[in-house]
Amino acid sequence: MKKIYTLLAAAFLISSSMKAQVSKACFKPVIVPNYTWTAASGGPFSGTNYGQVAAADFNNDGIMDIASAANGIYYMEVKLGNNTGTFTPSQDISTNVIDIIATDVNNDNNKDLVTLFYDGASLYNIVTYLGLGNGTFGAAITTTSSAMTNMYVVDVNNDGNMDVAQTLFSPSRLVFRLGNGTGNFAAPSNTVAGVSYACFDDF
């Protein structure tokens, strides 16, 4: 049975000057913490409770790799592809990750990980891990955040550095955090009220 996702949006933000980190970012599923699924026999995942998966070439060998955010046990797995449909474990990152985006935030041509940290109670942070180009990642770079529903990585000011856009709640609003090319993101700016979900692309 195919699952059908319905997109409920309070508003869409459309800008001709914004370029999305991933095409069709509009159709990214809403985060559903702690849902479960059964891993296929011989597949890359050893457990259940995976919330988000990002695919990119983390070790620059031309083969796609994966990073998975495991909601139920709150850690992130990085596994390297070998061009046969199977994956080799590379690094486990012990942190409470419930969303993950693979992109290059420090412009060194290595894929980095921008993640959403949630402690399961009330604390949210944006945590960035800079890729070393060999399938492993450096220490956590933490940006303090308010409670959020969704996170997007996009260059909103066309300076060549990736920024973070967040939809926050209580009240619902969209805020932007400008990146400085080091993995850090500034305090929120340019708040747009009443936005629950957003879409970024060059329309």
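Just so we're clear, the structure is a prediction, and the values are computed from it rather than from any experiment.
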Shortest non-hydrogen contact from [X] toward [Y]:
X	Y	result
I126	M148	CG1-CE, 4.0 Å
Y124	A147	CD1-CA, 3.4 Å
F200	A165	CZ-CB, 3.6 Å

Are any of the side-chain heavy atoms of [X] and [Y] separated by less than 4.5 Å?
X	Y	result
N107	N161	yes
F87	I66	yes
N110	N60	yes
V97	L116	no
T128	V105	yes
V195	R173	no
M76	D92	no
Y118	D99	no

Inset, instruction - Output, in order, the C-alpha distance, side-chain angles, deciding distance and verdict of side-chain contact (heavy atoms from CB on, under 4.5 Å) for D163 and D155. - result: CA-CA 5 Å; D163 312 305; D155 183 4; 3.5 Å; yes
Looking only at atom types and distance, does a side-chain atom of [X] sit under 3.5 Å from a main-chain N or O of [Y], one as donor and one as acceptor?
X	Y	result
T149	T167	yes
N150	Y197	no
T115	V127	yes
D104	K111	no
N125	F117	no
Y152	A198	yes
S90	G135	yes

Inset, instruction - Start with the C-alpha distance between D65 and N59, add both sets of side-chain angles, then the distance that settles side-chain contact (heavy atoms from CB on, under 4.5 Å), and finish with yes or no. - result: CA-CA 8 Å; D65 312 306; N59 60 341; 3.1 Å; yes
Inset, instruction - Give, for atom CD1 of I93 and atom CG of N96, the distance between the pair rounded to the nearest 0.5 Å. - result: 13.0 Å
Inset, instruction - State the CG-OG1 distance between L113 and T103, to the nearest 0.5 angstrom. - result: 10.0 Å
Legend entry - Candidate pair K79 and T88, rule side-chain contact (heavy atoms from CB on, under 4.5 Å), full reasoning: CA-CA 5 Å; K79 297 189 177 185; T88 302; over 6 Å; no
Are [Y] and [X] linked, directly or through intermediate hydrophobic residues, by side-chain heavy-atom contacts shorter than 4.5 Å (ILVMFWY only)?
X	Y	result
I63	L80	no
M64	V78	no
L132	M162	no

Inset, instruction - Kindly write out the residues that satisfy ring-ring contact (aromatic ring centres under 6.0 Å, His included) with F137, not counting sequence neighbours, or none if the list is empty. - result: F58
Under 3.5 Å, which donor-acceptor pairs do the side chains of residues 175-187 form with other protein atoms, sequence neighbours left out?
{"from": "R177", "atom 1": "NE", "to": "Q166", "atom 2": "OE1", "distance (Å)": "2.5"}
{"from": "R177", "atom 1": "NH1", "to": "T144", "atom 2": "O", "distance (Å)": "3.3"}
{"from": "R177", "atom 1": "NH1", "to": "A186", "atom 2": "O", "distance (Å)": "3.3"}
{"from": "R177", "atom 1": "NH2", "to": "T144", "atom 2": "O", "distance (Å)": "3.0"}
{"from": "N180", "atom 1": "OD1", "to": "T182", "atom 2": "N", "distance (Å)": "3.0"}
{"from": "N180", "atom 1": "OD1", "to": "T182", "atom 2": "OG1", "distance (Å)": "2.5"}
{"from": "N180", "atom 1": "ND2", "to": "T182", "atom 2": "OG1", "distance (Å)": "3.4"}
{"from": "T182", "atom 1": "OG1", "to": "N184", "atom 2": "ND2", "distance (Å)": "3.0"}

